[in-house]
Amino acid sequence: MPETVTGLIYVGDPMCSWCWGFAPEIESLAGDFPVEVVVGGLRPGPMAQPLEERMSGFLRHHWVEIAERTGQPFDTGFLDRRDGWVYDTEPAAIAVTQMREMNEPRALDFFTDVQMAFYGDGKDVTDFEVLTGLTSGYDVDREEFAEAVISDEAKKRAWSDFSRARNWGISGFPTLVGELDDGRLALLARGWTPAETIRDRIRGIGEMAGT
């Protein structure tokens, strides 16, 4: 029996700019397959860096490039308003894994909302109050979320995701993995990739298995 892809594992980071560029692609694919969100850990905690002039210039150039290629909106003015701000991706990753814990079917939607808040609206998603505010419209108790997201358990859950990604040999985001019906995993995309290209690769898995 030919192997088929039964689900997708999306390894990304809500504060990864190429992941924001990939948002329309994964949203399109999510209409065809269930998607499990795993946060990879871009610059969490000890790896966080302050936003100084050189880094700000690098990010601005990078964001403009991604916006031109993908059509996604980027509020580059954020870089001018955050002198001394620390680019710590840990809080946003924790918030995503907490949403996954409380409302798993909406984890990808929340991931995207965090991205939009940061890149599109220029909000500081290193702030747990800002992240908790993004739960409006989700079927979760806001106070419960606010308490849980700052817990040691929530932090451990996010770092468990980081370890899972590293154990798979994944260090760049976005990365998309297909779950096959025989239990194996297949790499479908490493880096920004159009949804239709990924669909071609998924179809190719079945065609190769059937030969």
Side-chain angles (χ1 to χ4, degrees), residues 10-26 37-100 107-135 145-146 148-152 154-166 170-176 190-192:
Y10 174 36
V11 185
D13 191 290
M15 295 180 73
C16 155
S17 49
W18 275 112
C19 292
W20 175 227
F22 188 61
E25 314 307 319
I26 189 63
V37 176
V38 174
V39 290
L42 182 62
R43 295 188 185 92
M47 292 177 273
Q49 298 176 349
L51 188 66
E52 41 77 32
E53 184 176 353
R54 182 176 179 181
M55 184 180 182
S56 180
F58 168 79
L59 290 175
R60 188 186 309 277
H61 175 78
H62 200 52
W63 291 5
V64 169
E65 176 189 359
I66 297 169
E68 291 176 349
R69 182 167 180 180
T70 68
Q72 288 288 82
F74 282 80
D75 176 17
T76 57
F78 176 92
L79 301 171
D80 301 321
R81 302 191 298 269
R82 301 291 178 178
D83 186 36
W85 177 75
V86 177
Y87 202 134
D88 184 359
T89 66
E90 182 184 90
I94 292 173
V96 168
T97 57
Q98 185 59 43
M99 177 59 73
R100 188 182 69 203
L108 179 60
D109 294 334
F110 187 73
F111 184 102
T112 304
D113 282 351
V114 174
Q115 291 177 303
M116 183 63 196
F118 180 51
Y119 286 111
D121 300 331
K123 294 182 179 179
D124 182 3
V125 296
T126 66
D127 185 333
F128 282 119
E129 289 189 13
V130 171
L131 290 163
T132 298
L134 297 177
T135 63
F145 184 93
V149 82
I150 59 174
S151 68
D152 289 341
K155 183 173 182 176
K156 288 176 183 177
R157 188 181 301 115
W159 281 86
S160 177
D161 269 31
F162 303 161
S163 295
R164 187 181 178 192
R166 286 197 300 272
I170 296 172
S171 58
F173 318 117
T175 294
L176 194 65
R190 192 189 301 273
W192 182 87

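Under a cut-off of 6.0 angstrom, the local environment of NE2 in His62 is crowded, with over 12 non-hydrogen atoms contributed by other residues, nucleotides or ligands. Atom CG of Asp80 sits in a crowded spot, with more than 12 heavy atoms from other residues, nucleotides or ligands closer than 6.0 Å.
Gln115 places a side-chain N or O within 3.5 Å of a backbone atom of Cys19 that can act as its donor or acceptor partner. A donor-acceptor pair under 3.5 Å links the side-chain atoms of Arg100 to the main chain of Val37, judged by distance alone. The main-chain N or O of Trp159 is found under 3.5 Å from a side-chain atom of Ser163 such that the two form a donor-acceptor pair. In terms of modelled atom types and a separation under 3.5 Å, the side chain of Asp88 and the main chain of Gly45 share a donor-acceptor contact. A donor-acceptor contact shorter than 3.5 Å links the side chain of Ser151 to the backbone of Ala148. Not a single donor-acceptor pair under 3.5 Å links the side chain of Asp121 to the backbone N or O of Lys123.
When ring centroids are compared, Tyr119 and Phe78 stay outside the 6.0 Å threshold. Separation of the Phe22 and Trp20 ring centroids does not fall under the 6.0 Å cut-off.
When all heavy atoms are compared, the tightest approach of Ala158 to Val39 is O-CG2, 4.2 Å. Nearest heavy-atom pair, Met99 versus Ala107, reported as atom, atom and distance to 0.1 Å: CG-CA, 4.3 Å. Across Ala95 and Val149, no two heavy atoms sit closer than the pair CA-CG2, 3.7 Å. Nearest heavy atom pair, residue Ala154 against residue Ile94, reads CB-CG2, 3.7 Å. Asp75 approaches Gly122 most closely through the heavy-atom pair OD2-CA, 3.3 Å. In terms of heavy atoms, Leu42 sits closest to Pro44 at C-CD, 3.5 Å.
Residues Gln72 and Trp18 form no side-chain contact, since every pair of their non-hydrogen atoms from C-beta on lies 4.5 Å or further apart. Side-chain atoms of Val86 and Thr126, non-hydrogen and from C-beta on, never get closer than 4.5 Å to each other. Between Met15 and Val125, some side-chain heavy-atom pair lies under the 4.5 Å cut-off.
Rounding to the nearest 0.5 Å gives a distance of 10.0 Å between CG of Asp113 and CG of Leu108. Glu65 contributes atom CD, which lies 9.0 Å from atom OG of Ser17 (distance to the nearest 0.5 angstrom). With rounding to the nearest 0.5 Å, the separation of CD1 in Ile26 from OG1 in Thr112 is 8.5 Å. Rounding to the nearest 0.5 Å gives a distance of 15.0 Å between NZ of Lys156 and CG of Asp161. Leu51 CG to Ser56 OG: the interatomic distance, rounded to the nearest 0.5 Å, is 5.0 Å. Separating the CZ atom in Phe162 from the CD atom in Glu90 is a distance of 6.0 Å, to the nearest 0.5 Å.
Residue Phe111 is tested with Tyr10, Phe118, Phe173 for a ring-ring contact (aromatic ring centres under 6.0 Å, His included); the sole match is Tyr10.
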(message) Does Leu59 form a side chain to side chain contact (heavy atoms under 4.5 Å, CB included) with Leu79? I'd like the steps, not just the answer.
(response) CA-CA 8 Å; Leu59 290 175; Leu79 301 171; 4.1 Å; yes
(request) Report the C-alpha separation of Arg157 and Ser160 in whole Å, then their side-chain angles, then the decisive distance to 0.1 Å, and conclude whether the side-chain hydrogen bond (donor to acceptor under 3.5 Å, both in side chains) test is met. (result) CA-CA 5 Å; Arg157 188 181 301 115; Ser160 177; over 6 Å; no
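Relative orientation of the Phe110 and Phe145 rings is perpendicular, given thresholds of 30° and 60° on the angle between their planes.
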